[in-house]
Amino acid sequence: MLILVMSDNFAGLFIGWEGVGLCSWLLIGFWYHKESASWAANEAFIMNRIADLGMLVGIFIIYWTFGTLQYNEVFAKIDGANSYVVTLIAIFLFIGAMGKSAQFPLHTWLADAMEGPTPVSALIHAATMVTAGVYLVIRANEIYSLVPDVGYFIACLGAFVAMFAATMALVNRDLKRIIAYSTLSQLGYMFVAAGLGAYWVALFHLMTHAFFKSLLFLGAGNVMHAMHDELDIKKMGGLYKPLKTTAILMTLASIALAGIYPFAGFFSKDKILEVAFADTHFGLWFVLLITAGLTAFYSFRLVMLVFFGEEKYKEEHPNLHPHEAYKYMLYAMMPLAFLAVTSGWAEHGFLEFIKSVLPGHEPHVSSITFAMLVAIALITAGSGIGFAVYKYSKGGFSKHWENTFIYKLLFNQYYIPKIYDELFSKPYAEISHIAWKQFDVKIVDATVDMIAKTIYATGDKSRVIQSGNLSKMLRWMLIGVILLLIVASAFSLAR
């Protein structure tokens with residue numbers, strides 16, 4: 001990740017980019033004896049390689065056009081470049097960003113990546129690697145600033161993914177997958193800011209998000225540890241007493257994620273909403289606002305089902321005695337909790353620090369409009385929290401809800417994994433099987449087998465020379481002498 005971020009050229013960025021992809025593959029498949037972990041690792045690796053091909057094409061076009069991959073040299077020459085070429089570069093680089101940051105339609109790998117160890121989910125799949133796509137768009141801001149249409153497409157896709165992922169998190173029962181969908185949704189927010197040219201705002205949300213999302217994941221690890229790797233939140237409940245510290249830390253992180261003042265998420269998330277409104281992209285603003293309400297709801301749905309209400313784990317796991325994580329694990333989470341609360345307060349200092357290298361896009365709205373936007377966002381987020389607390393303190397939704405079409409659609413991720421399986425995986429497996437039968441077995445293997453059989457048959461026939469029988473060996477010796485005399489005579493006559 002340091003190579004990716006600190007490189008001063010696209011080649012170095014790509015080396016770091018592939019390095020974090022390799023780390024992701026190795027760590028998702030850490031428990032290699034589990035087929036699901038191995039499969040998820042391969043899915044993430046293949047999805048990212050598909051996207052990275054697009055990024056590589058973008059880098060090739062950059063070198064072909066400018067003769068260099070150094071950022072400062074490319075950006076110095078970009079103004080005089082053909083607009084069509086600049087558009088192509090922006091599109092192909094963004095394809096790479098779509099894979100790494102799990103944007104639709106290359107999003108399915110992120111939820112499946114939760115098969116890996118939880119600290120990996122906190123570090124790579126919440127705070128660093130998955131945000132590399134956002135970082136790429138921010139780092140290449142001088143390219144994207146020249147093609148606002150591509151930027152607007154990025155913003156629209158980001159808004160769509162933000163709501164798309166949030167809706168799937170509403171009904172999911174897997175503790176880590178809910179948080180993964182939340183990460184996917186927040187990446188959408190970042191892309192909206194970056195697409196609209198508010199690069200420092202996208203980077204600010206990238207920073208604050210890392211703290212509260214890592215805290216949520218590590219808290220989820222504590223819950224898993226207490227529940228002997230149980231992940232179904234419907235089989236938990238009432239864990240506040242045995243896991244009081246973890247419950248408080250995860251609640252703080254959830255408040256920050258929901259965007260409640262004065263927590264970190266309020267400052268960075270609301271700034272993105274302000275940017276969308278100030279730039280008169282009211283459709284994007286409305287989608288992000290609704291998503292903020294959904295985010296607040298599913299965050300506290302998780303908190304309520306895991307830590308409060310009926311102790312369902314006693315029915316599901318009667319011999320289980322949940323206990324708090326070791327103190328050193330809790331101490332490691334404390335700095336994240338502190339930053340999840342306070343990092344948003346550094347907004348103005350962050351802008352001053354970063355505006356020397358990024359455009360200081362500051363949304364311009366009146367003080368009355370600003371107050372109205374803040375109030376609407378807080379009411380929306382507060383309503384989401386309030387509804388979740390009220391509903392799940394009463395036992396949640398009825399069983400009939402789970403039989404509805406909408407629930408099944410959301411629970412099955414809009415059936416997109418199923419479509420990919422039917423459209424790509426199964427045909428590819430069938431083609432591979434046919435190729436194995438018709439080409440590998442009948443041509444490649446048959447050729448190798450024929451060579452082996454020929455050599456074996458030759459050896460079998462000629463082994464009589466070394467039979468050890470004296471009379472036969474003298475006979476072969478005589479034949480050899482005669483052949484030598486014939487050859488020698490032939491050479492003599494030829495001269």
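Index from 1, following the sequence. Both backbone and side-chain heavy atoms feed into the values below; hydrogens, waters and symmetry mates do not.
Side chains of Glu274 and Val374 form no contact here, defined as non-hydrogen atoms less than 4.5 Å apart. Residues Ser24 and Phe45 fail the side-chain proximity criterion, which asks for heavy atoms closer than 4.5 Å. Contact check for Phe350 versus Ile354: side-chain heavy atoms found under the 4.5 Å cut-off. Counting only heavy atoms from C-beta outward, the side chains of Trp109 and Val130 approach each other to under 4.5 Å. Considering only heavy atoms from C-beta on, Leu93 comes within 4.5 Å of Tyr144 through its side chain. For the pair Leu218/Leu336, a side-chain contact is recorded, criterion being any heavy-atom separation below 4.5 Å from C-beta on. Contact of the Trp285 side chain with the His281 side chain is not registered, since no non-hydrogen atoms from C-beta on lie closer than 4.5 Å. Using a 4.5 Å cut-off on side-chain heavy atoms (C-beta onward), Thr291 and Ser185 make contact.
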- [ ] Determine, step by step, whether Arg49 and Asp52 satisfy the salt bridge (Lys or Arg N to Asp or Glu O under 4.0 Å) criterion, reporting the C-alpha distance in whole Å, the side-chain angles of both residues, the deciding distance to 0.1 Å, and the verdict.
- [x] CA-CA 5 Å; Arg49 296 299 73 72; Asp52 291 353; 2.6 Å; yes
- [ ] Test side chain to side chain contact (heavy atoms under 4.5 Å, CB included) on Tyr420 and Met47 and set out the steps.
- [x] CA-CA 12 Å; Tyr420 284 176; Met47 277 279 192; 4.0 Å; yes
Task: Verdict with supporting geometry, Phe94 and Phe191, ring-ring contact (aromatic ring centres under 6.0 Å, His included) - done: CA-CA 11 Å; Phe94 181 63; Phe191 274 118; 5.6 Å; yes
TODO: Report the C-alpha distance between Lys244 and Glu324 in whole Å, list the side-chain angles of each, state the deciding distance to 0.1 Å, and finish with yes or no for salt bridge (Lys or Arg N to Asp or Glu O under 4.0 Å).
DONE: CA-CA 8 Å; Lys244 189 173 182 179; Glu324 186 58 276; over 6 Å; no
Open item on the list: Assess the residue pair Met333 and Phe338 against the criterion (side chain to side chain contact (heavy atoms under 4.5 Å, CB included)); give the C-alpha distance rounded to whole Å, side-chain angles, the decisive distance to 0.1 Å, and a yes or no.
Closed with: CA-CA 9 Å; Met333 294 166 68; Phe338 175 76; over 6 Å; no
Open item on the list: Assess the residue pair Asp112 and Trp39 against the criterion (side chain to side chain contact (heavy atoms under 4.5 Å, CB included)); give the C-alpha distance rounded to whole Å, side-chain angles, the decisive distance to 0.1 Å, and a yes or no.
Closed with: CA-CA 9 Å; Asp112 292 331; Trp39 189 91; 3.7 Å; yes
- [ ] May I have the step-by-step check of salt bridge (Lys or Arg N to Asp or Glu O under 4.0 Å) for Glu402 and Lys234, ending in yes or no?
- [x] CA-CA 13 Å; Glu402 296 182 10; Lys234 291 287 186 77; 3.2 Å; yes
Task: Trace of the side chain to side chain contact (heavy atoms under 4.5 Å, CB included) decision for Val223 with Met250 - done: CA-CA 10 Å; Val223 174; Met250 287 190 74; 4.2 Å; yes
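In this structure, a donor-acceptor pair under 3.5 Å is absent between the side chains of Ser383 and Thr380. In summary, the side chains of His125 and Thr183 do not present any donor paired with an acceptor at a separation below 3.5 Å, with no hydrogens or angles considered. Defined by atom type and a distance below 3.5 Å, a donor-acceptor pair is present between the side-chain atoms of Tyr414 and Thr167. In this structure, a donor-acceptor pair under 3.5 Å is absent between the side chains of Gln413 and Thr108. If you check the side chains of Trp25 and Asn48, you find no donor sitting under 3.5 Å from an acceptor.
With hydrogens and angles disregarded, no donor-acceptor distance shorter than 3.5 Å links the side chain of Thr118 to the backbone of Gly221. Checked by atom type and distance alone, the side chain of Gln103 pairs as donor or acceptor with a backbone atom of Ser101 at under 3.5 Å. Although no hydrogens or angles enter the test, the distance criterion places no donor-acceptor pair under 3.5 Å between the side chain of Tyr261 and the main chain of Phe266. With hydrogens and angles disregarded, no donor-acceptor distance shorter than 3.5 Å links the side chain of Asn412 to the backbone of Tyr415. The closest donor-acceptor contact from the side chain of Tyr189 to the backbone of Ala292 lies under 3.5 Å. Side-chain atoms of Glu230 come within 3.5 Å of backbone N or O of Asp232 as a donor-acceptor pair. Listed for the Lys100 side chain is a donor-acceptor partner under 3.5 Å among the backbone atoms of Trp17. The main-chain N or O of Leu4 is never found under 3.5 Å from a side-chain atom of Ser7 such that the two would form a donor-acceptor pair. Of the possible donor and acceptor atoms, none in the side chain of Thr246 sits under 3.5 Å from a partner among the backbone N and O of Asn222. No donor-acceptor pair closer than 3.5 Å links the side chain of Ser38 to the backbone N or O of Tyr32.
Atom CG of Leu288 sits about 11.0 Å away from atom CG of Asp270, to the nearest 0.5 Å. How far CG of Asn9 is from CG of Leu69: 6.5 Å, rounded to the nearest 0.5 Å. With rounding to the nearest 0.5 angstrom, the CG atom of Asp421 is 13.5 Å from the CD1 atom of Ile416. Note that the CG atom of Leu284 and the CG atom of Leu289 stand 12.5 Å from one another [nearest 0.5 Å]. Taking CD from Glu352 and CH2 from Trp200, the interatomic distance works out to 10.0 Å, rounded to the nearest 0.5 Å. Interatomic distance, CG of Leu175 versus CE of Met114, reported as 11.0 Å (0.5 Å rounding).
Within 6.0 Å of atom CG in Leu409, more than 12 heavy atoms from other residues, nucleotides or ligands are found, so the atom counts as buried in its surroundings. Heavy atoms of other residues, nucleotides or ligands lying less than 6.0 angstrom from CZ of Phe308 number more than 12.
The aromatic rings of Tyr407 and Phe411 sit parallel to each other, their planes meeting at less than 30°, with 60° as the upper class boundary. The aromatic rings of Phe160 and Phe104 sit perpendicular, their planes meeting at an angle over 60°, well past the 30° parallel limit. Ring planes of Phe397 and Trp401: tilted class, angle from 30 to 60°.
In this structure, the ring of Phe164 has its center less than 6.0 angstrom from the ring center of His107.
Every residue meeting the side chain to side chain contact (heavy atoms under 4.5 Å, CB included) condition with Thr208, not counting sequence neighbours, appears here in chain and number order: Phe204, His205, Phe212, Ala264, Ser268, Ser343.
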Distance-only donor-acceptor pairs under 3.5 Å for side chains of residues 297-304, two or more places apart:
from	atom 1	to	atom 2	distance (Å)
Tyr298	OH	Ser182	OG	3.4
Ser299	OG	Thr295	O	2.7
Arg301	NE	Leu170	O	3.1
Arg301	NE	Tyr392	OH	3.3
Arg301	NH1	Leu170	O	3.4
Arg301	NH1	Asn172	O	2.8
Arg301	NH2	Val171	O	3.3
Arg301	NH2	Asn172	O	3.1

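Among all heavy-atom pairs drawn from Pro105 and Met98, the shortest one is CD-CE, 3.7 Å. For Ala102 against Leu184, the heavy-atom pair with the smallest separation is O-CD1, 2.7 Å. Nearest heavy atoms, Tyr71 versus Leu13: OH-CD1, 3.0 Å. Between Ala340 and Leu215, the shortest heavy-atom contact is CB-CD2, 4.3 Å. Closest of all the heavy-atom pairs between Leu216 and Ala253 is CG-CB, 3.6 Å. Contact between Ala296 and Ala381 at its shortest, heavy atoms only, is CB-O, 3.2 Å.
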